[in-house]
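All chains are named by letter (A, B, ...) in the order of the sequence lines, taking the proteins before the strands, and each is independently numbered beginning at 1.
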There are 2 protein chains.
Amino acid sequence: MTDLNKLLNPLFLKDIEIKKIIELLFFSYRDFTAGPDAILEKINFGRAHHRVIYFVGKQKNLTIKELLLILQITKQSLSRVLNQLVKEKYIVVSVGEDKRTKKLTLTQKGQDLEDQLTMIQTKRIKKIINKFSEKDINGFKKILYAMIEQKNKIKFDEINNK
Amino acid sequence: MTDLNKLLNPLFLKDIEIKKIIELLFFSYRDFTAGPDAILEKINFGRAHHRVIYFVGKQKNLTIKELLLILQITKQSLSRVLNQLVKEKYIVVSVGEDKRTKKLTLTQKGQDLEDQLTMIQTKRIKKIINKFSEKDINGFKKILYAMIEQKNKIKFDEINNK
DNA sequence: TATTTAGGTCAGTCATATTGACTTAATTAT
DNA sequence: ATAATTAAGTCAATATGACTGACCTAAATA
């Protein structure tokens, strides 16, 4: 296919538009995650710690299994991160009603860090989103949701009590 | 602040909505990047290789420096990935007009892989996006673009000839 | 009682990224 | 013409986040 034909072909133009979306996702997600990194670095934590703190903060009495299902990592991967968070008193572990399970809860220290980290992203998103109409925001959210795999949509709905 | 007060406070409700957006970004981006991984794994490449192939494919005669500016990684990090891609003949390197610089180009093998990887994401996004109205898609793209840091917006515009 | 489930652990490996120090060759500025 | 800057590369050490595989314990369930 020649360059001219490419430009005249409506399907090709669509591909260019899709490629732009791929890049938009790449650049925007990178900048979205960049925020909390500075704070995390100071206390020798990484993004994995942030994610654990985030979901433990979100769901009271989250079990290890539930957390693994959300994060979709192995328990060996979670182990190191979680142990650090427990050792440094950001998270406390208690035994569940089913005594095989463990319940994870943020300490005040953990909650403070969670607030601090999430606030950076919240502030940033708020600032951006307030510039747009309800319709734009709706399109944004609807399409993001549609981009989630079915099984993970269920997970998302679950943790948002839908 | 009590739970009841939280629910009655319009600012708090907004924070819940923002948190949902944070999660939407997390889940959707994860599923968005998951696609090409299976193919990459078979040939012992990772996401970093995909990114290099993507941007080298996008911009003819890209230099090392330009690539580093887009990817925002160190040259030591790029080095390993790029050397593998050159050694396995996905990318060819030639000397630029400024003889200090090097120009990167995809070989046919590289182009084939790029097509294959990008097609997975393109197909997926197309399938999703076709279900939505122009207005929704517009909101989606506008807000994603707004989420990019100013300096990276310039980068995005540059590689999209704006 | 046997099986499954939740959680943990030890060991080894890989991919991606970092910082720091240093080199070479080419271009540009003084 | 010399000095400074730039583009690219390299060596070494380190961190982080992830993986597989094998194995264990204790509790709940079939």
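- Counting heavy atoms of neighbouring residues, nucleotides and ligands inside a 6.0 Å radius, atom NZ of B:Lys109 exceeds 12 of them.
- Side-chain proximity of B:Lys65 to the nucleotides D:dG17, D:dA7, C:dT18 is greatest for D:dA7.
- With D:dA27, C:dT18, D:dG17 as the candidates, the nucleotide lying closest to the side chain of B:Ser77 is C:dT18.
- For A:Phe26 and B:Tyr54, the ring centers are positioned 6.0 Å apart or more.
- A:Tyr29 and B:Phe32 have their aromatic ring centers separated by at least 6.0 angstrom.
- Ion pairing between B:Glu23 and B:Lys20 fails under the 4.0 Å rule for side-chain N and carboxylate O.
- In this structure, the CG atom of A:Leu78 is 12 Å from the C1' atom of D:dG17, given to the nearest Å.
- When rounded to the nearest whole Å, the span between NE2 of A:His50 and C1' of D:dT16 equals 16 Å.
- In this structure, the side chain of B:Arg47 does not engage the main chain of B:Pro36 through any donor-acceptor pair within 3.5 Å.
- Phosphate contact (OP1/OP2 of C:dC14, side-chain N/O of B:Arg47, threshold under 4.0 Å): absent.
- Ranked by how close their nearest DNA chain D nucleotide is to the 5' end, A:Gln72 and A:Asp98 are led by A:Gln72.
- Using a 4.0 Å heavy-atom criterion, one finds that B:Thr101 contacts the sugar-phosphate atoms exclusively.
- The CG atom of B:Leu68 sits 10 Å away from the C1' atom of D:dA7 (whole-angstrom rounding).
- For A:Asn44 and D:dT16, the CG to P distance is 6 Å, given to the nearest whole Å.
- With hydrogens and angles left out, the side chain of A:Lys102 and the base of C:dG7 share no donor-acceptor pair within 3.5 Å.
- The CZ atom of B:Phe132 sits 10.0 Å away from the CG atom of A:Asn138 when rounded to the nearest 0.5 Å.
- Put simply, B:Arg80 has a side-chain N or O that comes within less than 4.0 Å of OP1 or OP2 on C:dT16.
- With hydrogens and angles left out, the side chain of B:Lys99 and the base of C:dA26 share no donor-acceptor pair within 3.5 Å.
- Side-chain nitrogen and oxygen atoms of A:His49 include none within less than 4.0 Å of the OP1 or OP2 phosphate oxygen of D:dT16.
- Remark: P of C:dA15 and CG of B:Leu82 are 17 Å apart, rounded to the nearest angstrom.
- Dashed line: the shortest gap from a side-chain N or O of B:Ser79 to OP1 or OP2 of D:dG9 is not under 4.0 Å.
- Listed candidates were D:dA8, D:dA28, D:dT10. Nearest to the side chain of B:Thr63 is D:dA8.
- In this structure, B:Asp37 places its CG atom 18 Å from P of C:dC14, rounding to the nearest Å.
- For A:Gln76 and C:dG7, a side-chain-to-base donor-acceptor distance below 3.5 Å is absent, hydrogens and geometry of angles not being considered.
- Spacing between atom CG of B:Asn83 and atom P of C:dA15 amounts to 15 Å, rounded to whole angstrom units.
- Between C:dT18, C:dG8, C:dA25, one nucleotide has an atom nearer to the side chain of B:Arg100 than all others, and that is C:dA25.
- Protein atom CD of B:Glu41 is 13 Å distant from nucleotide atom P of C:dC14, rounded to whole Å.
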